[in-house]
Each structure stands twice: as C-alpha cells, then as structure tokens.
2 protein chains.
Amino acid sequence: MARTVLDRADAVRALAGVFRKRGFESGSLSVIQQETGLGRGSLYHFFPEGKADMARAVLGHVSEWFEERIFAPLRTGENTESADAAVDAMCRETVAYFVSRESVCLFAAMTLGQERDTFAEAVRGYFTDWVDALATALRRRGLTDEEAASRALDAVAAIQGGLILARAYGDDATFERIVDRTRQHLLAPAPR
Amino acid sequence: MARTVLDRADAVRALAGVFRKRGFESGSLSVIQQETGLGRGSLYHFFPEGKADMARAVLGHVSEWFEERIFAPLRTGENTESADAAVDAMCRETVAYFVSRESVCLFAAMTLGQERDTFAEAVRGYFTDWVDALATALRRRGLTDEEAASRALDAVAAIQGGLILARAYGDDATFERIVDRTRQHLLAPAPR
DNA sequence: GTCTATACAGCGATAGAC
DNA sequence: GTCTATCGCTGTATAGAC
C-alpha cells in the first residue's frame with residue numbers, strides 16, 4: 001500500500017481491513033504498519049493509546065455506517081410501504097457490505113477472545129440497536145410487539161450465522177441465500 | 001486446577017476450556033499451563049507439535065462429540081417419528097452443550113483470525129456434516145431435497161447466530177428462544 | 001506528522017536433569 | 001512423564017531526530 005495515507009479516517013479504514021483479515025489480537029503492529037502504510041510514529045500519533053484506541057476507532061466507524069445506512073432508515077417513516085422498503089434495503093445493503101468485507105462482522109468477532117469485556121458495551125449496543133430498529137419497522141407493518149421482536153432477533157441471528165457459514169464454506173452465495181430467505185420471513189404476513 | 005491431570009483426554013478437555021475462553025491465538029502457553037495444571041514438558045509430551053497439535057486435538061474431540069450425539073442420530077432411523085425425535089434431541093443437546101460451554105463454538109471461532117486456513121477443511125467438514133445430517137432427517141419427514149437443504153442450512157445459521165447474540169447479550173435465554181423457534185420451523189409442515 | 005532505533009515483556013519451543 | 005531454565009523471536013509501546 002502506498003505511503004501516502006493522510007488523515008485518521010483513511011487510517012481507520014485501513015485498520016478495519018487488517019482486523020477483519022487477521023483478527024484483533026493477532027493483527028500485529030508490524031502487519032498493521034505494512035498494510036496501512038503508516039509508520040509506528042504515525043500510528044501512535046493518531047491513536048495515542050495504541051491498539052485499544054485503534055479498535056475503538058474501527059468499531060465506532062462501523063457503528064456509524066450501520067446507524068446511517070441501516071438502522072435510521074428502519075426507524076423512520078410511518079407507513080407500511082416505507083417499512084417494506086427499509087427491510088428490503090437492509091437486506092440489500094447488508095449483503096453488499098459484508099460480501100465486500102470478507103464476510104466478517106467485527107462486532108461479532110469482538111464476542112470472542114480475551115478483550116471481550118473491553119468492548120462488551122459497544123457490542124451489546126450494536127446488536128440491540130439493530131434488533132430494535134428492525135422491530136420498529138416490523139411493528140409499522142402491523143406485527144405485534146412480541147412477534148416483531150422475535151422476528152427481528154431471529155433475522156439478526158440468521159445474518160450473523162450466515163456470515164459464519166459463508167466463511168466456513170468460502171462462499172458468498174450461501175450467505176446471500178440465507179439473507180434472502182430471512183427477508184421473505186420478515187415480510188411474511190402476520191400469523192393469524 | 002489441581003496438578004493431577006493424568007492422560008491426554010483430560011488435557012484435551014482442559015485445553016478446550018482455555019481456547020473457548022481466550023481464543024486460539026491469545027490463549028498463551030503460560031495461561032494454558034496454569035489452567036490445565038500441566039507443565040510445559042507435559043504439554044509438549046502430549047502434543048509434540050505444540051499449539052497446532054493442541055488445536056487439532058480439541059477440534060477432533062468436539063467433532064466426535066457432535067458426530068455421536070447429534071449427527072449420527074439425525075441420519076439413522078427410517079420413519080417420521082424417529083426423525084422428529086432426532087430433531088428434538090438435536091435442539092435439546094445443542095442448547096445444553098453450548099450453554100455449558102460459554103456459548104462458544106470452536107469451529108465458528110476458527111473461521112476468524114490468521115490460522116483460518118490451517119483448519120479450513122475441518123471447519124467446512126463440521127458444518128457440512130451438520131447441515132447434511134439435518135437435511136437427511138428432514139427428508140425423512142417428507143420434505144423435498146431442496147426444502148430440506150434450505151431449512152437445515154437456515155437452522156445451523158440460526159444456531160450459530162444465536163450463539164453470537166448470547167455472547168453479546170451475556171444471556172443464555174436469548175439463545176434458547178432462538179433454538180426453540182428454529183425447532184418449530186424445522187418441524188413445521190411442508191409448504192403446499 | 002513521520003521516521004528509526006530501541007526498551008523490555010511475553011511468546012512458542014527446546015534441552016536436559018530428575 | 002514432568003520439571004525448570006533458557007533460547008531466539010516477536011509483541012506493544014516509547015524516545016528522540018528530523
């Protein structure tokens with residue numbers, strides 16, 4: 001990678017790539033240096049607290065992306081049509097996002113390993129935000145609170161499990177099929 | 001832990017616990033030593049190739065457990081009743097297994113990090129065995145090949161995603177509810 | 001703001017006594 | 001079969017020149 005990374009935002013993007021590929025704990029500073037093109041000095045200039053700072057920044061960046069592109073659209077709007085569209089968009093955006101990012105969800109990755117606790121709150125927030133936003137959209141489609149909450153939780157679980165299978169099989173198509181069936185299930189009529 | 005671990009089998013069980021808690025890469029030999037009660041010498045006596053050997057042994061142990069307790073029962077038997085019972089048993093056993101093991105699936109954990117490739121084949125085998133065995137049971141219930149394969153894949157994804165949410169929420173009940181709805185979906189009548 | 005050099009702790013792995 | 005001591009390497013983090 002070229003040695004012309006200019007600002008923190010570029011650094012964060014590059015860091016996300018490294019962490020996705022090598023994991024948080026095994027993505028060493030030497031590798032980070034190589035793959036981001038920043039020297040040790042620059043890295044500690046942007047992230048004074050070191051690796052923990054880098055992880056925080058990356059998770060924050062991912063959070064923002066999902067908030068803007070997925071969660072907010074699910075929450076806004078008042079009618080059934082906009083809810084349908086938001087659920088559709090969620091599935092489309094989610095597939096595109098993860099397929100282009102090695103099928104790795106960094107928040108899910110954070111539930112493993114030894115620094116689990118360090119980011120536990122952020123991780124919980126990410127998933128509750130997703131489930132809650134999706135449930136909001138489903139309630140707009142006329143589902144009861146309970147039914148909406150169940151379907152939303154199941155959908156997020158299916159997506160996350162789909163990512164594991166995609167990595168295990170080395171096959172994006174599997175993930176896409178799982179998300180498509182999840183979409184159908186989300187948009188199915190309320191049970192009698 | 002007492003310093004009276006006698007054979008390799010005990011060592012493997014202890015190792016599995018360490019890897020579940022710390023991950024494969026960050027569970028260092030010092031920690032392994034402490035938590036298993038074996039010294040460095042003993043560890044390298046049982047696992048001459050070091051950490052890779054330990055990981056292999058642990059994954060093999062998990063594989064065997066699933067083969068005997070989950071996969072084989074799903075595959076055997078000829079009638080609908082036994083297939084229902086096997087699916088029921090799968091859900092029950094799966095919940096009990098993971099709840100008592102920090103909600104961590106070591107094969108799923110192996111799809112992340114840098115040694116992803118080392119165990120890629122074993123990981124793929126574990127998931128295809130599970131999906132195939134489950135699909136076999138569903139076909140015995142009268143589902144078409146295609147419908148059985150889809151439901152089996154979705155069920156394994158739901159379980160794996162459920163584990164992620166269980167860890168993110170620090171809450172086993174969420175996982176249990178997801179598996180219960182998965183069971184209902186697996187045993188639902190074939191679509192018209 | 002970025003570089004190189006370096007401190008020093010911890011890693012996986014091995015050797016050799018018992 | 002298990003122990004302790006130790007190797008060589010790599011890890012994160014820091015210091016100081018430019």
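Here is the naming used below: chain letters follow the sequence lines, and residue numbers restart at 1 for every chain.
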Q: Please state whether the phosphate of C:dG1, meaning OP1 or OP2, lies under 4.0 angstrom from any side-chain nitrogen or oxygen of A:H45.
A: yes

Nearest whole Å is fine: how far is [N] [atom2] from [X] [atom1]?
| X | N | atom1 | atom2 | value |
| --- | --- | --- | --- | --- |
| A:Q114 | D:dG11 | CD | C1' | 12 Å |
| B:E115 | C:dC11 | CD | C1' | 13 Å |
| A:F47 | C:dT2 | CZ | C1' | 15 Å |
| A:R22 | D:dT12 | CZ | P | 12 Å |
| A:D10 | C:dG1 | CG | C1' | 15 Å |
| B:L43 | C:dC11 | CG | C1' | 14 Å |

Q: Determine which pairs satisfy salt bridge (charged side-chain N to carboxylate O under 4.0 Å, His left out) with at least one residue from residues 159-174 of chain A, sequence neighbours left out, and list them in order.
A: none

**Q.** Within residues 145-166 of chain B or reaching into it, pairs that qualify as side chain to side chain donor-acceptor pair (under 3.5 Å) - sequence neighbours excluded
**A.** A:R181-B:S150, A:R181-B:D154, B:E147-B:R151

(Q) I'd like to check the ring-ring contact (aromatic ring centres under 6.0 Å, His included) partners of A:F127; sequence neighbours left out, ordered by chain and number. (A)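 A:F127 satisfies ring-ring contact (aromatic ring centres under 6.0 Å, His included) with no residue once adjacent residues are dropped.
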
Q: Flag the pair A:M54 / A:L43 as yes when at least one side-chain heavy-atom distance between them is below 4.5 Å, and no otherwise.
A: yes

**Q.** Contact pattern, 5' to 3', of nucleotides 12-18 of chain C - B, S or - by protein heavy atom under 4.0 Å
**A.** BBB----

Q | Sequence neighbours excluded - ring pair (Phe, Tyr, Trp, His ring centres under 6.0 Å) pairs with any residue from residues 87-107 of chain B | A |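 Every ring pair (Phe, Tyr, Trp, His ring centres under 6.0 Å) pair that includes a residue of residues 87-107 of chain B, provided the two are not neighbours, is B:W65-B:Y97, B:F66-B:Y97, B:F66-B:F98, B:F107-B:Y126.
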
Q: Write out all pairs satisfying ring pair (Phe, Tyr, Trp, His ring centres under 6.0 Å) with one or both partners inside residues 136-188 of chain A, taking only residues at least two apart or from two chains.
A: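 Qualifying pairs, neighbours excluded: none.
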
